[in-house]
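Each chain gets a letter, A, B and so on, in the order the sequences are listed, and its residues count up from 1.
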Protein chains: 2
Amino acid sequence: MQSRTPASRTGRPRSAAADTAILAATREALVELGWSKLTLGDVATRAGVAKTTLYRRWAGKPELVCDAVAELFDELELPDRGSLAADIEGVVLQFAAILARPEAKSGLMAVVAESTRDDALRERIRTSIVERQMRLVLQGRARAQSRGELPPEPDPEESARTVDLIFDVVAGAVVHRTLVSGKPADEEWVRDFTRVLLLGLTSSA
Amino acid sequence: MQSRTPASRTGRPRSAAADTAILAATREALVELGWSKLTLGDVATRAGVAKTTLYRRWAGKPELVCDAVAELFDELELPDRGSLAADIEGVVLQFAAILARPEAKSGLMAVVAESTRDDALRERIRTSIVERQMRLVLQGRARAQSRGELPPEPDPEESARTVDLIFDVVAGAVVHRTLVSGKPADEEWVRDFTRVLLLGLTSSA
DNA sequence: GGCATTACGCTACGAGTCGTAGCGAAAGCT
DNA sequence: AGCTTTCGCTACGACTCGTAGCGTAATGCC
């Protein structure tokens with residue numbers, strides 16, 4: 001996870017199997033115990049490693065859970081469904097399915113909460129979780145522009161602003177629906193959401 | 001906070017001053033320490049009460065912080081600015097201003113994270129925080145419909161669905177912008193957001 | 001093969017927090 | 001007065017934290 005790319009090529013290498021076992025054990029503990037009752041000692045036991053090994057690789061609970069949750073978003077992709085609306089509905093449903101899993105629910109929000117007082121953690125979240133989602137927005141937008149469904153954006157600065165805005169609206173709505181309102185972001189909801197996102201409130205039938 | 005309305009009218013009454021002092025001390029501790037380092041013992045010391053008094057009134061840290069954060073949203077209101085767009089911009093800016101405060105940042109997300117495994121806490125959040133925000137959406141929607149800016153919704157079930165959707169989009173976007181992306185929801189962003197919400201992505205200039 | 005270097009498992013430890021119990025005193029009501 | 005409930009205080013066992021120290025295992029370099 002933490003790139004030790006060129007440095008330190010001597011000595012016993014770190015067990016890659018331990019990494020995957022620890023991250024899997026972390027998700028398992030998140031499901032069974034939730035964020036607040038999850039302890040690093042328990043995770044170490046589940047993973048079959050010593051507690052000290054855990055502390056050698058991760059600074060603390062937030063960093064560990066961040067990495068464990070980040071892997072959940074690996075499966076996100078943007079299949080070409082032919083139209084911008086269909087593309088949005090597809091990726092939002094994928095995103096909602098991940099957020100519905102208990103390990104994502106209890107882990108993600110807690111890590112974000114911690115990141116409000118920890119800049120390094122915020123950056124870690126950005127690179128390992130947010131950026132992966134942001135790529136889909138960029139991809140979908142480019143595809144829609146090539147289809148002519150969205151107007152091209154000549155100004156790069158305004159373009160970046162728009163992408164940021166869309167991302168916050170889409171991700172924020174799904175997260176809020178799932179975690180705050182506590183209701184499922186099912187197909188019906190996603191259909192309504194996509195219509196509002198594309199056409200706005202004023203054009204609602 | 002917890003309505004002891006009809007029961008137990010005998011004996012020494014609970015100090016109302018202690019309640020306000022405890023909640024204020026909780027917010028102060030949230031600012032200085034953040035959620036994870038906040039301890040109930042420290043809050044009790046700041047408030048000038050005994051730790052046992054705290055435990056007699058609140059079940060634990062999540063419930064206490066929930067009540068302390070909820071009071072931050074008391075100041076939310078919906079002044080009539082003449083148009084739906086202006087109303088939205090106004091209330092979103094208020095909401096963003098509250099979320100920008102450190103006690104809201106570190107407290108709100110952590111409590112929501114805890115609520116994913118605690119139904120009673122989720123209900124407490126709903127009644128003390130979410131419902132207060134939801135009222136503004138209902139109010140703004142009714143006002144816009146009476147102005148003719150939004151079409152009337154005859155079906156009550158679909159109407160409720162739409163209100164839920166709007167609420168998740170608005171609140172989710174502001175929260176995500178402020179806490180995940182870590183950028184301010186300033187006037188420029190709110191203007192862009194309102195335009196997308198009302199007109200949709202496809203009509204962007 | 002031998003050597004330096006790093007990772008690993010294990011144990012133990014001080015520090016800190018948790019939530020509760022028990023007590024005497026204070027502040028209301030009837 | 002007497003009754004009832006709350007308050008402040010102290011003390012407590014249980015738990016988690018994060019680290020230190022040690023001997024052992026696994027690699028690269030000579």
Side-chain angles (χ1 to χ4, degrees), chain A residues 1-23 25-26 29-30 32-66 106 110-111 114 117-118 120-121, chain B residues 1-23 25-26 29-30 32-66 106 110-111 114 117-118 120-121:
Chain A
M1 281 303 135
Q2 52 273 62
S3 57
R4 193 164 304 286
T5 17
S8 84
R9 45 175 52 82
T10 175
R12 175 177 177 177
R14 287 192 171 173
S15 163
D19 264 336
T20 63
I22 291 171
L23 292 175
T26 303
L30 275 178
E32 292 184 19
L33 306 173
W35 162 269
S36 57
K37 294 184 179 176
L38 179 149
T39 67
L40 295 200
D42 180 71
V43 170
T45 305
R46 290 172 188 267
V49 301
K51 190 173 62 163
T52 45
T53 300
L54 245 159
Y55 280 100
R56 288 191 190 101
R57 306 191 182 197
W58 283 277
K61 179 152 85 161
E63 290 79 8
L64 172 63
V65 172
C66 175
S106 41
V111 172
E114 287 302 310
R117 312 204 97 244
D118 184 340
L121 180 59
Chain B
M1 279 307 135
Q2 53 271 62
S3 58
R4 193 165 302 285
T5 18
S8 85
R9 46 174 53 82
T10 175
R12 175 177 177 175
R14 286 192 173 173
S15 162
D19 264 336
T20 63
I22 290 171
L23 292 175
T26 303
L30 275 177
E32 291 184 20
L33 306 173
W35 163 270
S36 57
K37 294 184 180 175
L38 178 147
T39 68
L40 295 200
D42 181 71
V43 170
T45 305
R46 290 173 188 265
V49 301
K51 190 172 60 162
T52 45
T53 299
L54 245 160
Y55 279 101
R56 288 192 191 100
R57 308 190 182 197
W58 283 276
K61 180 152 84 159
E63 290 80 7
L64 173 62
V65 173
C66 175
S106 42
V111 173
E114 287 301 312
R117 311 203 99 244
D118 185 340
L121 180 60

Applying side chain to side chain donor-acceptor pair (under 3.5 Å) to Asp118(B) and not counting sequence neighbours gives none
Apply side chain to side chain donor-acceptor pair (under 3.5 Å) to Arg12(A) and list each qualifying residue two or more places apart in sequence or on a separate chain.
none
Is it the case that the base of dG19(C) and the side chain of Arg56(B) share a donor-acceptor contact (distance under 3.5 Å, atom types as modelled)?
no
Do you know the tightest heavy-atom contact between [X] and [Y]?
X	Y	result
Val43(B)	Ala25(B)	O-CB, 3.8 Å
Gly41(A)	Lys51(A)	CA-CD, 3.9 Å
Leu121(A)	Pro62(A)	CD2-CB, 3.6 Å
Arg14(B)	Arg56(B)	NH2-O, 3.2 Å

What is the distance from [atom1] of [X] to [atom2] of [N], rounded to the nearest Å?
X	N	atom1	atom2	result
Leu64(B)	dG19(C)	CG	P	11 Å
Leu54(A)	dT19(D)	CG	C1'	14 Å
Ile22(B)	dT6(D)	CD1	C1'	12 Å
Leu40(B)	dT20(C)	CG	C1'	13 Å
Arg14(A)	dG28(D)	CZ	P	16 Å
Leu38(B)	dC18(C)	CG	P	8 Å
Asp19(A)	dA7(C)	CG	P	12 Å
Tyr55(A)	dT6(C)	OH	C1'	22 Å

Let me know, please, whether Ala18(B) or Gly11(A) comes out on the 5' side of the other along DNA chain D by nearest nucleotide.
Ala18(B)
Write out a two-atom table: protein N or O, nucleotide N or O from nucleotides 24-26 of chain C, distance below 3.5 Å.
residue : atom : partner  : partner atom : Å
dA26(C) : N3   : Arg12(B) : NH1          : 3.0

Side chains of Lys61(A) and Leu38(A) in contact at under 4.5 Å (non-hydrogen atoms)
yes
I want to check something: taking the side chain as every heavy atom from C-beta on, are Leu40(B) and Trp58(B) in contact at a cut-off of under 4.5 Å?
no
For Pro13(B) and for Ser15(A), locate the closest nucleotide of DNA chain C by heavy-atom distance; then report the residue assigned to the nucleotide nearer the 5' terminus.
Ser15(A)
Any residue meeting side chain to side chain contact (heavy atoms under 4.5 Å, CB included) with Ser106(A), in chain and number order, not counting sequence neighbours
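In terms of side chain to side chain contact (heavy atoms under 4.5 Å, CB included), with neighbours along the sequence ignored, Ser106(A) is linked to Leu30(A), Thr116(B), Arg117(B).
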With rounding to the nearest 0.5 Å, note down the distance linking OG1 in Thr53(B) to CG in Asp19(B).
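If we round to the nearest 0.5 Å, Thr53(B):OG1 and Asp19(B):CG are 10.5 Å apart.
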Interatomic distance, Thr39(B) atom OG1 to Leu54(B) atom CG [nearest 0.5 angstrom]
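Output value for this atom pair is 10.0 Å.
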At a heavy-atom distance below 4.0 Å, what parts of residues 46-53 of chain B sit against DNA chain C?
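Here the set is Lys51(B), Thr52(B).
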Can you give the dot-bracket line for DNA chain C, where a pair is Watson-Crick or G-U wobble with both atom distances under 3.5 Å, crossing pairs use [ ], and | marks a partner on another strand?
||||||||||||||||||||||||||||||
